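Owing to the predicted nature of the structure, the values given are computational and were not obtained by experimental measurement.
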Amino acid sequence: MTESASQTQKMTVLVTGASGKTGRRVAEAAEAAGHTVRAASRSGAVKFDWYDPSTWEDALRGADAAYLAYQPDVGAPGAGEAVGALARQAVALGVRRLVLLSARGEDQAEPAERALRESGAQWTVVRASWFAQNFSEGPLLEGMLAGELVFPAGEVLEPFIDSRDIADVVVEVLRPGSAHAGRIVEVSGPRLLSFREAVAEISAAAGREIRYVPVSAREYGAALAEFGVPPEETEFLIELFETNLDGRNAYLSDGVREVLGRAPRDFGDFAREHAEAGVWKA
């Protein structure tokens, strides 16, 4: 197959976690590229649950490629075993092109990455920095709406990436004949910001005061436990915050430009766009 032919070939793409921050956008980007999308989640029309292997075969069968976003985190206990088992089943069913969402600097993600590499699949790992959408969706949004984000990130710098850039990269590297098969691609936003600076940019865009309050990982974990987060998950998150938010990710990665030939979206544009949409309106 020629390069130009591979670029136009349409596929059936399984998207796991299709209701999540990246999965939803991968599904949208894949559809926009003309692919048939099999949007899978625990509650969707296509059932898929990382903790229920009986859901895997029906989701995989007949797909040409798959996007793997392990829940709750690629470095969580058991992720390596699950990713490896799913990848091997995918290969057995003829789904050889697999892309795994991973995290820059997250040592805990190595078992899942290694399991994918050893599965026999045509694999790509996309290691992403912290999502900009963590401020607009999910657990942190409640604090943002209340006017105070309490989080264990200190004054560490992070190149926040727009999840739409992750999705565009994933769809590009999923295609047959991709030069990024068998590679790790690291992606980030275009500039470094502290969490305090990121919240300040959102506050300015939203036209209302939102404060950033740094706490220790242990203090944050205690709060999670009070909200009913299971002890094992709480301990994992404490370890993750203590390691991954220690400054190791205070650098830029050029994966978006390398894969897409353009710069990544800027955090300021993300903040203004979402503020105009009323995301942080009290």
Side-chain angles (χ1 to χ4, degrees), residues 17 20-22 50-51 68-83 100-116 125-144 146 148-163 166 184 186-189 191-202 210-253 255 267:
K21 295 184 187 74
T22 63
W50 282 104
Y51 296 95
L68 309 182
Y70 186 81
Q71 300 296 325
D73 184 272
V74 69
E81 292 84 352
V83 168
L100 174 70
L101 176 66
S102 191
R104 280 192 344 166
E106 187 171 327
D107 296 338
Q108 298 91 335
E110 170 55 26
E113 293 186 7
R114 183 174 62 252
L116 180 67
V125 171
V126 176
R127 288 180 182 162
S129 59
W130 186 274
F131 307 158
Q133 277 77 6
N134 283 327
F135 295 104
S136 61
E137 303 172 23
L140 300 189
L141 179 57
E142 182 177 350
M144 300 290 288
E148 184 176 270
L149 177 64
V150 178
F151 198 67
E155 304 302 329
V156 70
L157 298 177
E158 178 76 23
F160 300 100
I161 186 169
D162 194 304
S163 293
I166 298 173
I184 294 170
E186 290 201 349
V187 295
S188 79
R191 61 188 171 107
L192 293 169
L193 290 167
S194 69
F195 280 71
R196 187 183 303 279
E197 290 168 333
V199 171
E201 290 201 15
I202 290 171
I210 306 174
R211 299 173 57 240
Y212 168 64
V213 180
V215 295
S216 71
R218 284 286 161 190
E219 288 173 306
Y220 193 74
L224 292 177
E226 289 181 6
F227 279 110
V229 177
E232 182 179 281
E233 185 175 343
T234 296
E235 285 302 312
F236 164 70
L237 289 172
I238 290 171
E239 178 191 4
L240 185 63
F241 293 143
E242 286 179 338
T243 55
N244 220 37
L245 292 173
D246 64 356
R248 68 182 62 191
N249 281 313
Y251 66 94
L252 304 181
S253 294
F267 187 85

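Counting heavy atoms from C-beta outward, N249 and S129 have side chains that stay 4.5 Å or more apart. Within the 4.5 Å cutoff, side-chain heavy atoms of E148 are placed close to those of V150. Residues R104 and I161 have side chains not in contact (no heavy-atom distance under 4.5 Å, counting atoms from C-beta outward). Inter-residue side-chain proximity for K21 and I166 is flagged as unmet; no heavy-atom pair is nearer than 4.5 Å. Between F135 and L149 there is a side-chain heavy-atom pair separated by less than 4.5 Å.
Looking at every heavy atom in both residues, F195 comes nearest to A153 through CD1-CB, 3.4 Å. Nearest heavy-atom pair, S194 versus F160, reported as atom, atom and distance to 0.1 Å: O-CE1, 4.1 Å. Taking every heavy atom of both residues into account, P159 and S188 meet most closely at CG-CB, 3.6 Å. Nearest heavy-atom pair across Y70 and A82 is CE1-CB, 3.6 Å.
Taking P214 as the reference, E155, R196, Y212 meet the side chain to side chain contact (heavy atoms under 4.5 Å, CB included) condition, with sequence neighbours excluded. Not counting sequence neighbours, the partners of E201 by the side chain to side chain donor-acceptor pair (under 3.5 Å) test are R191. Partners of Q71 by side chain to side chain donor-acceptor pair (under 3.5 Å), not counting sequence neighbours: none found.
Note that OG of S102 is 8.0 Å distant from CD1 of I184, once rounded to the nearest 0.5 Å. Distance check: W130 CH2 to N244 CG gives 8.5 Å after rounding to the nearest 0.5 Å. We find the CG-CG distance between D107 and L240 to be 10.0 Å, quoted to the nearest 0.5 Å. Separation of atoms OG1 (T22) and CG (L101) is listed at 5.0 Å; rounding is to 0.5 Å. Between the CD atom in Q133 and the CG atom in L141 there is a gap of 12.0 Å [rounded to 0.5 Å]. With rounding to the nearest 0.5 Å, the separation of CD in E137 from OG in S163 is 7.0 Å.
If you check the side chains of T243 and Q108, you find a donor sitting under 3.5 Å from an acceptor.
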Go through the steps to decide whether L252 and L192 satisfy the test side-chain contact (heavy atoms from CB on, under 4.5 Å), and finish with yes or no. CA-CA 7 Å; L252 304 181; L192 293 169; 4.1 Å; yes
Do F227 and T234 pass the side-chain contact (heavy atoms from CB on, under 4.5 Å) test, and can you show the C-alpha distance, the side-chain angles, and the key distance before you say yes or no? CA-CA 10 Å; F227 279 110; T234 296; over 6 Å; no
Is there a side-chain contact (heavy atoms from CB on, under 4.5 Å) between V213 and R211? Walk through the geometry before answering. CA-CA 6 Å; V213 180; R211 299 173 57 240; 3.9 Å; yes
Would you please test L237 and L224 for side-chain contact (heavy atoms from CB on, under 4.5 Å) and show each step? CA-CA 9 Å; L237 289 172; L224 292 177; 3.7 Å; yes
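In this structure, F241 and F151 have perpendicular ring planes: the angle between them is above 60°, well past the 30° mark.
In this structure, E235 pairs ionically with R218, as a charged nitrogen and a carboxylate oxygen lie closer than 4.0 Å.
Using modelled atom types, no side-chain atom of W50 and backbone atom of A79 make a donor-acceptor pair closer than 3.5 Å.
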